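The structure appears below as structure tokens.
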Amino acid sequence: MEVVKIVVEIIGFMYNAEFWRMSVFWTVSLIFSYLKLFYQSLFSPISICYTHCSPKDSTFATKLVPRPVCIITGATSGLGAAAAYALSKEGFYVVLVGRSSELLSKAISDIKSRNHDACLKAFEVNLSSFTSILEFKHSLQQWLRDSNMHSSVQLLINNAGILATSRRFTSEGYDQMLATNYVGAFCLTKVLLPLLENSPIPSRVVNVTSFTHRNVSCRQADKETVSGKFFLKSKDYPYACIYEYSKLCILLFSYELHRKVGLMKKSQHLSVVAADPGAVQTNIMREIPSSVSTMAFTAMKLLGVLQSSETGVGAIIDAALAPPEVSGVYFFGGKGRSLNSSALSYDAKLAKDLWDASCTLFEELQQASRADGVRAVHKYGTVVSD
């Protein structure tokens with residue numbers, strides 16, 4: 001009976017266009033990325049491999065910031081946990097952000113067991129909730145003050161992401177996958193931007209994206225699309241399409257913020273880069289039937305493109321430690337290598353439309369948060385600082 005149940009589960013999941021989109025399109029885009037990297041190494045007149053610039057270098061050390069602060073979202077497992085360990089070894093004070101206090105404690109214990117000198121701090125944050133993001137900002141600032149540390153952040157890695165196979169909504173009515181993968185990253189970066197700009201040494205935002213962005217053809221970036229409401233009109237939940245779109249949004253956002261940083265005098269020491277780890281065996285596929293995900297991982301192993309978290313994190317570490325002047329770059333393949341992302345990801349008009357729509361959503365969330373604060377004051381008679 002158990003075997004029959006598994007077979008029925010596999011057939012039921014495979015009888016879906018989204019499954020075949022993942023199986024075929026995602027595999028093709030991954031192989032295309034590696035072929036492009038190979039072609040570049042053979043025929044490009046100038047093959048750029050960026051070197052690492054570690055905080056351990058004397059150029060980073062200052063009296064104000066003896067140990068740079070690095071924030072990593074989705075740090076409880078997989079790539080986030082691997083990045084937290086690697087960057088703690090590089091001399092960062094690593095702030096781990098995740099949804100589970102229990103998993104955060106476990107991640108810290110694991111890192112400490114391998115790096116006794118690691119400086120770590122954990123915050124429980126739900127990136128699909130704007131209220132949670134604001135609470136994190138206030139808690140982070142308070143922690144910096146209490147620890148007599150400079151009121152700044154040197155590195156923000158927006159790594160958190162989910163692959164949801166069913167419709168779920170945030171309290172604001174957004175699609176949860178888009179809210180977690182993109183809107184949350186945008187809002188977190190916006191609220192932490194003053195701390196990044198306040199850094200007396202070069203600071204950086206690293207946005208983790210995916211090769212799956214190459215499959216997107218949608219040229220819409222209005223409020224309805226960014227919030228996910230456009231996709232929810234479909235009878236079946238188009239989870240593969242939404243995941244791809246969220247990763248394209250992360251890239252468009254990276255390039256647009258890079259452009260805007262170049263125009264803002266107070267932000268000119270801030271750089272923005274994107275990192276694509278490739279195919280990595282993590283628990284992001286936990287909502288897919290285990291029998292199906294096992295088959296997928298086996299196929300990728302046979303193709304030689306499946307990596308462990310410890311290997312796949314290479315692109316993220318390359319992006320984090322690239323020289324301060326490096327910005328607007330898409331890291332892929334590890335070893336300091338970079339590629340051009342899809343043509344659509346460089347569409348300046350689409351990026352501007354996305355920025356405008358995202359800012360509108362951000363302002364609406366801010367207003368709703370203030371209204372909630374006012375209601376709380378009326379109800380409890382307590383003033384809550386914003």
Side-chain angles (χ1 to χ4, degrees), residues 48-57 59-61 65-98 107 111 114-115 118-121 140 152-161 185 188-189 192-193 195-197 199-210 250-251 253-255 257-258 261 267 269-278 280 282 307 309-339 341:
I48 301 175
C49 291
Y50 296 100
T51 57
H52 286 183
C53 190
S54 173
K56 294 176 182 177
D57 299 338
T59 53
F60 269 88
V65 187
R67 189 178 283 269
V69 174
C70 164
I71 299 172
I72 305 175
T73 66
T76 55
S77 63
L79 290 166
Y85 169 70
L87 292 172
S88 74
K89 294 282 286 183
E90 292 292 336
F92 282 94
Y93 203 126
V94 181
V95 175
L96 292 84
V97 171
I111 294 171
R114 293 186 290 160
N115 178 17
C119 290
L120 307 167
K121 177 67 177 177
L140 176 69
S152 63
V153 170
Q154 283 65 54
L155 179 61
L156 169 62
I157 301 180
N158 287 312
N159 165 73
L188 181 64
T189 305
L192 294 183
L193 201 55
L195 292 176
L196 288 157
E197 291 172 337
S199 175
I201 62 175
S203 56
R204 169 165 292 159
V205 175
V206 176
N207 289 323
V208 179
T209 183
S210 165
I250 280 287
L251 266 176
F253 164 50
S254 301
Y255 297 150
L257 182 58
H258 160 69
V261 161
S267 300
H269 71 290
L270 171 65
S271 57
V272 187
V273 293
D276 180 349
V280 183
T282 67
Q307 308 168 88
S309 296
E310 290 70 25
T311 304
V313 78
I316 297 176
I317 302 305
D318 291 342
L321 300 181
E325 66 274 12
V326 175
S327 190
V329 174
Y330 171 70
F331 284 88
F332 178 85
K335 301 178 182 178
R337 294 175 293 181
S338 64
L339 279 179
S341 49

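Here the structure is a predicted model, which is why all the values come from computation and not from measurement. Just the heavy atoms: all of them, side chains too, but no hydrogens, waters or symmetry mates, feed the values below.
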Heavy-atom pair with the smallest gap, counting every atom of [X] and [Y]:
X      : Y      : result
Val208 : Ile250 : O-CG2, 3.8 Å
Gly78  : Thr282 : CA-CG2, 4.1 Å
Phe332 : Gly278 : CE1-CA, 4.0 Å
Gly328 : Val273 : N-CG1, 4.1 Å
Leu79  : Pro277 : CD1-CG, 3.6 Å
Glu90  : Ser54  : OE1-OG, 2.7 Å

Partner residues of Tyr85 under the ring-ring contact (aromatic ring centres under 6.0 Å, His included) criterion, sequence neighbours left out: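 By the ring-ring contact (aromatic ring centres under 6.0 Å, His included) rule, Tyr85 matches no residue at all.
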query: Passes side chain to side chain contact (heavy atoms under 4.5 Å, CB included), Asn158 versus Val205? Steps please.
result: CA-CA 8 Å; Asn158 287 312; Val205 175; 3.9 Å; yes
Calculate, to the nearest 0.5 Å, the distance between atoms [atom1] and [atom2] belonging to [X] and [Y] respectively.
X      : Y      : atom1 : atom2 : answer
Leu257 : Ser327 : CG    : OG    : 8.0 Å
Cys70  : Lys121 : SG    : NZ    : 16.0 Å
Ile72  : Leu120 : CD1   : CG    : 9.5 Å

query: Gln154 and side-chain contact (heavy atoms from CB on, under 4.5 Å): which partner among Ile71, Leu196, Leu195, Ile201?
result: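 Exactly one candidate clears the test, Ile201.
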Expected output: side-chain Arg114 to main-chain Ile111 donor-acceptor under 3.5 Å: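 Side chain of Arg114 to backbone of Ile111: no pair is present.
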message: For Cys119, is there any backbone N or O sitting under 3.5 Å from a side-chain donor or acceptor partner on Arg67?
response: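 Not at all, since once roles are kept as given, no pair shorter than 3.5 Å links the two residues.
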query: Looking at residues at least two apart in the chain, or sitting in another chain, which of them share a side-chain contact (heavy atoms from CB on, under 4.5 Å) with Ser77?
result: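 Only Asn283 meet the side-chain contact (heavy atoms from CB on, under 4.5 Å) criterion with Ser77.
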- prompt: Can you name the residues that form a side-chain contact (heavy atoms from CB on, under 4.5 Å) with Ala160, not counting sequence neighbours?
  reply: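 Counting only residues at least two positions away or on another chain, Ala160 forms a side-chain contact (heavy atoms from CB on, under 4.5 Å) with Thr73, Leu127.
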Close side-chain approach of [X] to [Y], heavy-atom, < 4.5 Å:
X      : Y      : answer
Asn159 : Val97  : no
Glu325 : Ser271 : no
Pro68  : Phe92  : yes
Asn207 : Val272 : yes
Leu339 : Asp276 : no
Val206 : Phe331 : no

- prompt: For Thr209, what residues pass the side-chain hydrogen bond (donor to acceptor under 3.5 Å, both in side chains) criterion, not counting sequence neighbours?
  reply: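 Expected list: none.
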task: Could I get the full list of side-chain hydrogen bond (donor to acceptor under 3.5 Å, both in side chains) partners for Gln307, not counting sequence neighbours?
output: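 Once residues adjacent in sequence are excluded, Gln307 has no partner under the side-chain hydrogen bond (donor to acceptor under 3.5 Å, both in side chains) criterion.
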For residues 311-320, run the donor-acceptor check on the side chains, cut-off 3.5 Å, and write out each pair with its distance to 0.1 Å, sequence neighbours left out.
| from | atom 1 | to | atom 2 | distance (Å) |
| --- | --- | --- | --- | --- |
| Thr311 | OG1 | Ser308 | OG | 3.2 |
| Asp318 | OD1 | His52 | NE2 | 2.8 |
| Asp318 | OD2 | Lys335 | N | 3.2 |
| Asp318 | OD2 | Gly336 | N | 2.7 |

